[in-house]
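Worksheet: one structure, shown below.
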There are 2 protein chains.
Amino acid sequence: MENIINHFEKYLPLNDEEKQALMSRVTERKIKRRQFLLQEGDVCKYFTYVQSGCFKMYGVDDKGVEHNLVFAAEDDWISDIGSLHKELPSKLFIEAIEPSIVLQISKGDLWYLYSNHPKFDRNFRVIMEDKYIELQNRLLQAFSSTALDRYDRFITQYPHLANRLPNTQIASYLGVTPEFLSKIKNDRFKK
Amino acid sequence: MENIINHFEKYLPLNDEEKQALMSRVTERKIKRRQFLLQEGDVCKYFTYVQSGCFKMYGVDDKGVEHNLVFAAEDDWISDIGSLHKELPSKLFIEAIEPSIVLQISKGDLWYLYSNHPKFDRNFRVIMEDKYIELQNRLLQAFSSTALDRYDRFITQYPHLANRLPNTQIASYLGVTPEFLSKIKNDRFKK
DNA sequence: AAATATCCTTAATATAGTTTAAGGGTAAAG
DNA sequence: CTTTACCCTTAAACTATATTAAGGATATTT
């Protein structure tokens, strides 16, 4: 629980009342490797804070191939925002890559925090903005640079993830096959 | 001015005081074709509502090729959120594709509206969410479907844009060259 | 209305990335 | 501690898309 409080206090200090409100609205869960927080067709019910472990959020195409949209490790958030806010069935999966511990806030509790403690309003808006910016950069990269460039940037930008994740997951994030990523790494090493 | 009020009232009705606050914080500008609202290296100063006309927001790669991230036509918003909120130099351009009329809100005025009229807070959060969802879908598509599929979805999802925009702009949005888009369209027609 | 700039198409050649297949290596689960 | 499942690599054949080049068609600007 301390982690999530520290997380918010990176932006703005919380008073005791706010800490209390947050802690009472959050549910801790232990998640096994390969367990799902969300499956395609279900409505996303929670905004999830990752206390420890690691998750991927991905879509599956017609051929059954998975495409990783985002990873979330310790001290990060994960949710299908679209499904959560509009209460529509998700097209995505959220799955644990490692055994994990999460803190979840339901949509109702999130609304409660927003309207009773405006500080959370601002905090969550900043979180959303950061996520938006991340996606925008990713999209620009996807269109304007080669797979090798994207790999280079990935390992410099997310070194903690690059070490932990199997290459097959990184390949899916970069938008290439594992075979091609293997080739990229080999070519890169030779230089 | 009526347009922007109608726009907000799609979500929630505004009272006179709110309408007044909005109208007094908004600046109308006439923009010529090819005029920029934002250029790479500048800090994005405004959240812009498009009353009439059409804009593109794009990045330019090492080779000088433009990559369209989003379009915004009548009754839509456009801004480099990252640059606006963090006050950092943008890596993007926002340029008019047609002669346009816009209503702009500065960051300061936006903050004023948020803190004095909570309804705008909710409205702008919904706008942001919608933009986020749009980007997320676009990213998933970029990785999981072929250029032909992306083109098909584009013309069914944005028919009003598909008619108006030159193919070269659509190609840049889809992430292909104009030559290849031309081929796609030809193949598609033959079926 | 003329002049200029931009846009669209076609086609040949080139390339980044995929597919298929197969063997060996590593980590998870019983 | 063994077995099963997953992961990584290599390489050859294949495919979607890029590049280059060039001519004709539309718009915009003068």
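Chain naming here is simple, since letters A, B, ... match the order of the sequence lines and numbering starts at 1 in each. Fair warning: this is a prediction, and the values are worked out from it, not measured in the lab.
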Is there a side-chain polar atom (N or O) of [X] under 4.0 Å from OP1 or OP2 of [N]?
X        : N      : result
B:Asn186 : C:dT9  : no
A:Thr177 : C:dT18 : yes
A:Thr146 : C:dG17 : yes

May I ask you to decide if the ring planes of B:Tyr114 and B:Phe124 are parallel, tilted or perpendicular, using 30° and 60° as cut-offs? perpendicular
Aromatic rings A:His117 and A:Phe120: how do their planes relate, parallel, tilted or perpendicular, breaks at 30° and 60°? perpendicular
What is the distance, to the nearest angstrom, from the [atom1] atom on [X] to the [atom2] atom on [N]?
X        : N      : atom1 : atom2 : value
A:Asp187 : C:dT15 : CG    : P     : 15 Å
B:Glu95  : C:dT6  : CD    : C1'   : 13 Å
A:Arg188 : D:dC8  : CZ    : C1'   : 17 Å
A:Glu66  : D:dC6  : CD    : P     : 11 Å
B:Lys183 : C:dC7  : NZ    : P     : 23 Å
B:Arg33  : D:dA27 : CZ    : P     : 11 Å
B:Ile184 : C:dT9  : CD1   : P     : 12 Å
B:Leu181 : C:dA11 : CG    : C1'   : 17 Å

Closest heavy-atom contact between [X] and [Y]?
X        : Y       : value
A:Phe93  : A:Gln39 : CD2-CA, 3.8 Å
A:Lys119 : A:Asn15 : NZ-N, 4.4 Å
A:Leu38  : A:Ser90 : CD2-OG, 3.5 Å
B:Lys30  : B:Gln35 : O-OE1, 4.3 Å

In residues 147-155 of chain B, what donor-acceptor pairs under 3.5 Å come from side-chain atoms, sequence neighbours left out?
| from | atom 1 | to | atom 2 | distance (Å) |
| --- | --- | --- | --- | --- |
| B:Arg150 | NE | B:Ser145 | O | 3.3 |
| B:Arg150 | NH1 | B:Leu174 | O | 2.4 |
| B:Asp152 | OD1 | B:Arg188 | NE | 2.4 |
| B:Asp152 | OD1 | B:Arg188 | NH2 | 3.0 |

Quick one: do A:Lys86 and B:Asp130 make a salt bridge, cutoff under 4.0 Å?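 Yes, A:Lys86 and B:Asp130 are salt-bridged.
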Measure from the side-chain heavy atoms of [X] and tell me the nearest of [options].
X        : options                : result
B:Arg150 : D:dT19, C:dT19, D:dT17 : D:dT17
B:Arg34  : D:dT19, D:dA18, C:dC7  : C:dC7
B:Glu179 : D:dT29, C:dT19, D:dA21 : D:dA21
B:Phe180 : C:dT10, C:dA16, D:dA18 : D:dA18

Can you list, by residue number, the residues of residues 162-170 of chain B that have a non-hydrogen atom closer than 4.0 angstrom to DNA chain D?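 Contacting residues: none.
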**Message:** Tell me if the centroids of the rings in A:Tyr158 and A:Phe71 come within less than 6.0 Å of each other.
**Reply:**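 Ring centroids of A:Tyr158 and A:Phe71 are no less than 6.0 Å from each other.
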### Message
Do B:Ile31 and B:Phe47 land in one hydrophobic cluster if side-chain heavy atoms of ILVMFWY residues count as linked below 4.5 Å?
### Response
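Cluster IDs for B:Ile31 and B:Phe47 match.
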field: P spacing across the pair C:dG30 / D:dC7, given as an integer number of angstrom
entry: 16 Å
* With pairs taken as Watson-Crick or G-U wobble and both distances under 3.5 angstrom, which stems of at least three consecutive pairs involve DNA chain C? ->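 DNA chain C forms these stems: C:1-7 with D:24-30, C:9-22 with D:9-22, C:25-30 with D:1-6.
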